[in-house]
Amino acid sequence: MRRQGAARNIFLSTLIIIVFLISPLRGLSDSIRPLLPMPRSVKWKTGNYSIQHLVRVHIKGEVSDFDRQTLSVLLKDWNVTQIDFDGFKNSDIAIFCDKQLDLPSTSLEAYRIAVDQQGIRIEARTGAGIFYALQTLRQLGGQNGQLPYCSMTDYPSFRWRGYLVDVGRNFQSMDVLKEQVDIMARYKLNVFHFHFTEDIAWRLASKNYPGLTDSSNMDRWRGKHYTIDEMQELIRYCHDRHIQLVPEIDMPGHSAAFRRYFKTDMQSDSGLAFLQELVKEFAVTYPELPYLHIGGDEVKIYNQQFLPLMTKWTESLGMKTIGWEPGGNLQPQTIRQLWMGGPQAITKDSPFEVIDSKHLYINHMDPLEAVTTLFYRQLGGQTSENEKVKGATLCSWPDRAVNHEQDIFRQNAVYPALLTFAERSWCGGGDFEWRSNIKTDREGLAEFEAFEERLIQHKHLYFRDLIFPYYQQSKQKWVLYGPLQNKGNLSMSLKEEAKGNFTSLKKIGEFYGGTIVLRHWWSDVVKGAIDDPAENSTLYAVSRIWSDSDSNKEFWIGFNDLSRSYASDSPDLGTWDDRMSRLWVNAHEVLPPDWQHAGQKGDLEIPLIDEGYSYRSPAIVQLRKGWNTIVVKLPVGKFKGKDWQNPLKWMFTCLPIDKE
């Protein structure tokens, strides 16, 4: 079954849905496995290959020791007790790495896998292809001693599949960084963008200026930084996993930590000299790094020679530069990383090489919305790479202070988003138009359902010990009614509105999802559920869910996710939000939590505790046996938020969850 470009084959999608519906969650079918990213061509065949306790491996070509170790760990996970890497005749696994191999793509990351009665055969042009083949092989199973007969050919749609971690604002330990790199590797991401300098702190040690990372020079996570040895270890850790580490020294903006220590601005003559020394020290200390991201965004450039001089200096040290766009006066040869504005088609005639990060910020997305948005998201306005679109980078910018590094994963859907982005950046495709809700047409819904089934399978198979804030949402159906003009009176009520009988209102349409975004705060570039939303109006959302018995059920309920960058205010006591949103189940109102920071003015230095549904205790809702009616009331006043820190995002989340 071959998927052209990145579009899903609907027959394959439907087949996968059927298989998952009839198969128990932990009892995978012997013929279909939840592969992610989905390979470009997969053919399932009848039969299984039995993995024995002794496995003979034949390798021809250059395969690294780490890749051999990766295979060994994989086989041991399949209860193999003895591995013979000297096997030639009657080998169970044959691996061929040869640049001259005939594969249907020029990509050096392409690979081919065949499993039949003779065993397992892997072919690739480079070690990266071998490594990715092993990641796919891992997902084929084998714990029960069986591998399904199959053949597949695979290669990426984009050569740059990145993930950015900001440790300047909130420090992350080496263990947590390595954990994320491991997940990247398993899902075929290949660029780790390491953002370690910020206004808050400079977190990489310098031999020449050791005081730069002193606790007195940090505003948050004081003293927490990375030693030279740790940085070198992280580079090697990425390299072993075929991931390129791309460091960022943000300049001349986001540099208050630099300014505090050196007592001068980067754009001054003395500041430029200090920075050049730091960059030279960096290049000498880490000579294996081919790129340096030089930032350039969110700052007034008063020295027009600063970025040209730093670009020339960096290039003289052997590194190619990357910079944020929009930003300062970057040079033509500098790769642009896009971060602001709407969808943009980057053609091969673009004057610059481009990495897309527009609307790819995890912290700007509700956890459920993140998977929806990223699944449908086209990268660089193209279905696959061209001469100027290298690919894209998913970004994790936890601007707000956190009490613990794990809170970054609780407050943002890091791993659900990362896996979804891995699918899109490897497979390509997607829609030019950005959207925040699940498609309602049959094809668009089926594609999302098929992907979501695989995502949920991976959650249960591989993320049981990690934070993975996502539950199946595509089966949750809503009917929207309205609008009712409230004339700015957000408390205005309809008679018996809690019962969900809205015959007097117009039915707007049917929607699917645990989160429904009616109007995005970036409504000019991100499509919401309402085509022509009106200020000073009220909508109602109605859903029905089945319960086998009278019981209490856990729900995710929320009306404005605060895990984003902004210093948003906390809701007042007794309210879900400042729009007077309400929710009833069987005409009984579900009351908001007793907020720990009720009515608190937003402050980036005060960590969030319970403001978001994904990291507070779920709401407990009493259900009755049979069908239960959920009614959500959604008033809105003016669309303009009270200030830039509190943008208005008209939305709600209501999803019954099944914790296992």
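This structure is a prediction, so every number in the text was calculated from the model and none was measured.
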Quiz prompt | Sole residue of Phe559, Trp521, Phe639 in side chain to side chain contact (heavy atoms under 4.5 Å, CB included) with Trp650 | solution =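 Among the candidates, only Phe639 passes.
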Self-check item: Partner of Phe468 by side chain to side chain contact (heavy atoms under 4.5 Å, CB included), out of Tyr462, Phe409, Phe463
Solution: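 Testing Phe468 for a side chain to side chain contact (heavy atoms under 4.5 Å, CB included) against Tyr462, Phe409, Phe463 leaves exactly one candidate, Phe463.
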For [X], does the [atom1] atom have more than 12 heavy-atom neighbours from other residues, nucleotides or ligands under 6.0 Å away?
X	atom1	result
Glu62	CD	no
Lys527	NZ	yes
Asp524	CG	yes
Lys388	NZ	yes

Would you call [X]-[Y] a salt bridge at under 4.0 Å N-O?
X	Y	value
Asp199	Arg259	no
Arg220	Glu605	yes
Lys178	Glu233	yes
Lys348	Glu387	no
Glu369	Lys649	yes
Glu385	Arg159	yes
Lys390	Asp356	no

When [X] is tested against each of [options] for ring pair (Phe, Tyr, Trp, His ring centres under 6.0 Å), which residue passes?
X	options	value
His293	Trp324, Phe192, Trp339	Trp324
Phe451	Tyr470, Phe375, Tyr376	Phe375
Phe194	Tyr163, Tyr226, Phe282	Tyr226

Quiz item: Taking the six-membered ring for Trp, are the ring centroids of His359 and His364 within less than 6.0 Å of each other?
Solution: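 Aromatic pair excluded; centres sit 6.0 Å or further apart.
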Quiz prompt | Centroid-centroid under 6.0 Å between Trp595 and His597 rings | solution =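 For Trp595 and His597, the ring centres are not under 6.0 Å apart.
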Quiz item: Can the positive tip of Arg260 be found less than 6.0 Å from the middle of the six-membered ring of Phe262, inside 45° of the ring normal?
Solution: no
Practice problem: Could you pull out all residues at least two apart from Asp214 that satisfy side chain to side chain contact (heavy atoms under 4.5 Å, CB included)? | Solution: Ser216
Practice problem: Please name all residues satisfying salt bridge (Lys or Arg N to Asp or Glu O under 4.0 Å) with Arg410, sequence neighbours left out, ordered by chain then number. | Solution: Asp407
Quiz item: Under 3.5 Å, is there a donor-acceptor pair between the Tyr111 and Thr136 side chains?
Solution: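 Present: a donor and an acceptor within the cut-off.
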